[in-house]
Structures are given as structure tokens and as C-alpha cells.
Novice: 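One structure follows; several queries about it will come next.
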Amino acid sequence: MSHRSLFRRPEAPVPVIFYFFGAFLFFFFTLPVNGWRPWPNQKPNATELLYGGSKKYEGSSEFVHLKYHMGPVLTANITVYPIWYGRWGNSQKHIIRDFISSFSAVDSKRPSVAGWWKTVQLYTDQTGANISRTVHLGEEKNDRFYSHGKSLTRLSVQSVIKSAVTARTRPLPLNPKTGVYLLLTSDDVYVQDFCQNVCGFHYFTFPSIVGYTLPYAWVGNSAKLCPGTCAYPFSVPSYMPGFKAVKSPNNDVGVDGMISVIAHEIAEVSTNPLVNAWYAGQDPSFPVEIADLCEGIYGTGGGGSYTGQMLNGKDGATYNMNGVRRRFLVQWVWNHILNYCSGPNALDQ
């Protein structure tokens, strides 16, 4: 999620049923869905005025006050359920599956995705229990025929998830406590605000639509619609003359661009699944979360318009961490103990 001032509000009221401390606040706000977009398109707004430019820098910042608001976090073993909406190639699915499977692959070559996940694990609930070390790849659902069309609103995204968990054949399991439902839309599907404002977002399903409160995230493939916006730095927008795109590590600009957005959303849905746990800012309807604070930072020295120091493979591909079988480029996340953005490829680690 990022840049709350740019988001429209949902098209239906927030459900009445909520958990834990602070629930009453939601009766007064129609919350924007949490979303993310990469740094090249950032413009001054309320969030930047609150934290100042330093919020995007690797170094610690006295302006950032990330707080725990007593809501639940995902402390039990996490299962990610991919929903493949539209047409996906097998090679594309393999890239994303390998990435999700890398979260708990502690024996991966360093710097690793598992090392990146260790920063997320530092976050705890009110009992002191940490975010789960284990992230499983769960059952998957294919929606090849665009059952809800090729243009989705934020609310129809939830209807797609409902179809996946209520399907007559092979429905996805209902797992409201430890499941993350990951809706992935193909490169010919437009989702409300895609490209203009967001590349992905996370929230929870409304019982009035789905029948259950399920944490979920959506991430779109921008290859045809806006690679310069959502697949940066593997593609560069026309308004950035002089900048050269880098080679993607898995030879798929759209999917390699999705990887960092998927990481961003899973990190935030794990630490803030019901939007009442870990976030910065005084307004609960506009939370700034652990990945928002590190947008566009992939290595030491990152911040402003600089990605930081990344790694280059012998094949010329750019990446910053290793998975079980592949290399990936993944943005850093905020370390609330050190009070700055961190990642496994930091030069001081």
C-alpha cells in the first residue's frame, strides 16, 4: 500500500464484523484498499509531507514512527493460494511458484529470499509471537475464461476470490486464519486504478460478498499495459530519458516485475492483514506499511531516484537475491528494530 491520497474509496461500505482493538474506527471510515506502485511515478503528497523525502532512504529516519495497533498478524504457518486469472504460460507460473517457495528455503544461496523474509519475521503480535517463518505454496485455482470479464473493479476482485473458494470442482480451501489468497491477473486484464495508481494491493474480503473475512492480495501483469510503471527497472517509462532498463533475471519483464510487488503485498498482508496491526501514520484509514517505507530500494545506498547496489549475473541479468532455483529482484522492507530499510544483500551484512 502507498500514497493513500491517490486512491479512490471502495464502492461498498466496510463490513460490520471486525476483530480486535480499534474495530470501532472502521464504522466511520470507508477504507481505501491497500496498494503499491513503484517509485518512478511518485509525486509529492500527504504521505511524503508527513515523512519527508528521507522516508525513501536506506538510512534510519527519525520521521518514521511505525507502531503496532494491537491487531492480529500471521504468526501460524502461512499458506499462499494463487488464483491465476486469465491466460498464463507454464513458464510464468513456474517463476512465481518458485518465488513463493523460496520464502522458507533457508538453504538457498545467499543473499536469499529467505534472508529477506527474516526481516518480516521480526514483527510480532500482542503476545510476542513472531510472523511465521514458514510460507507454503498452497492449492491453486485457474480462471482461464475470465469469469468476471477482463476489466475488474476493486470489489469484483473479491467476487473472483469468491468464485475460487466456492467452485463446484476443486474449490480453494477456506483458511481465514493463516491463508493468503493471491489473485494474479494476466497481461490482458485491467483492474481499477492499475497503472495509473497501483500495481498491486492487499486487503481482506467482505463477508457480505465472499461469506468470510479472508486476507488477500492482487497483483497484475503489466507487460502489455504499463511495464515502465509496474515492471521498473526492467522497463523504463518514456518520461525518464537517459535511464536504461536492466535485464530481467528470468527473461520475462512482466512476471519479473510482478515478483517485487508480490513480495511487497505478502509482507504487508502478513504484518497487517486486517489493517489494524503494524503501520505508520496517525490516520488508520491511510496506513503506511512496512514495504511502503522502502519503495524503490533494492540495495545499499538506495533512496530518492537510486535503486541501490544490485547484483549482476554472468548473463547480464540484474537481481538482488536468490531463490530455490532462480534469481529475483525484490524491494527491501522496513526493519522496525534497526529503524531503517534492510535486505539480505546489504553490504554491511
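All values below come from the heavy atoms of this structure, side chains included, with hydrogens, waters and symmetry mates left out. Keep in mind that this is a model prediction, so the values were computed, not measured.
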Novice: I want to check something: taking the side chain as every heavy atom from C-beta on, are Ile95 and Arg326 in contact at a cut-off of under 4.5 Å?
Specialist: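 Counting from C-beta outward, Ile95 and Arg326 do come under 4.5 Å.
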Novice: Under the ring-ring contact (aromatic ring centres under 6.0 Å, His included) test, which residues partner Tyr68, sequence neighbours left out?
Specialist: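 ring-ring contact (aromatic ring centres under 6.0 Å, His included) list for Tyr68, sorted by chain: Trp278.
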Novice: Do Ile83 and Tyr216 come close enough that some side-chain heavy atom pair is under 4.5 Å?
Specialist: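 Counting from C-beta outward, Ile83 and Tyr216 never come under 4.5 Å.
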Novice: Can you check whether Leu184 reaches Ile262 side chain to side chain, under 4.5 Å on heavy atoms?
Specialist: yes
Novice: Not counting sequence neighbours, list each pair that qualifies as a side-chain hydrogen bond (donor to acceptor under 3.5 Å, both in side chains) and has a residue in residues 157-172.
Specialist: His148-Ser163
Novice: Other than Tyr319, what residues sit in its cluster of Ile, Leu, Val, Met, Phe, Trp and Tyr side chains whose heavy atoms are under 4.5 Å apart, directly or through others?
Specialist: Leu311
Novice: Considering residues at least two apart in sequence or located in another chain, which fulfil the side-chain contact (heavy atoms from CB on, under 4.5 Å) criterion with Ala317?
Specialist: Lys247, Pro249, Asp315, Arg327
Novice: Using distance alone, with no hydrogens and no angle criterion, decide if Trp332 and Asn345 have a side-chain donor and acceptor under 3.5 Å apart.
Specialist: yes
Novice: Does Gln309 offer a backbone N or O that forms a donor-acceptor pair with the side chain of Thr300 under 3.5 Å?
Specialist: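 Flag not set: sc Thr300 to bb Gln309 has no pair under 3.5 Å.
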Novice: Check for me whether the distance between the ring centres of Trp218 and Tyr85 falls short of 6.0 Å.
Specialist: no
Novice: When you measure from the side chain of Asn335 to the backbone of Tyr340, do you find a donor-acceptor pair of N or O atoms at a distance under 3.5 Å?
Specialist: no
Novice: Does the side chain of Val198 come within less than 4.5 Å of Arg154's, by heavy atoms?
Specialist: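 They are in side-chain contact.
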Novice: Output yes when Lys150 and Asp188 qualify as a salt bridge under the 4.0 Å nitrogen-oxygen rule, no when they do not.
Specialist: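 Counted as a salt bridge, because a side-chain N and a carboxylate O are separated by less than 4.0 Å.
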Novice: Can you tell if the side chain of Ser186 reaches within under 4.5 Å of the side chain of Tyr146, non-hydrogen atoms only?
Specialist: yes
Novice: Regarding Asn312 and Thr318, is there a side-chain donor-to-acceptor distance under 3.5 Å anywhere?
Specialist: yes
Novice: Taking the side chain as every heavy atom from C-beta outward, state whether Val324 and Ser102 have any pair of such atoms under 4.5 Å apart.
Specialist: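 A side-chain contact under 4.5 Å exists here.
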Novice: Using a 4.5 Å cut-off on heavy atoms from C-beta on, say whether the side chain of Asn221 contacts that of Trp88.
Specialist: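 In contact.
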Novice: How would you list, by chain and number, every residue that makes a salt bridge (charged side-chain N to carboxylate O under 4.0 Å, His left out) with Arg97, sequence neighbours excluded?
Specialist: Glu140
Novice: Would you say the side chain of Leu74 lies within less than 4.5 Å of the side chain of Val180, judging by non-hydrogen atoms?
Specialist: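 Yes; the side chains approach each other to less than 4.5 Å.
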Novice: With a 2.5 Å cut-off on the SG atoms, do Cys195 and Cys230 make it?
Specialist: no
Novice: Just jot down the side-chain contact (heavy atoms from CB on, under 4.5 Å) partners of Arg110, sequence neighbours excluded, or say none.
Specialist: none
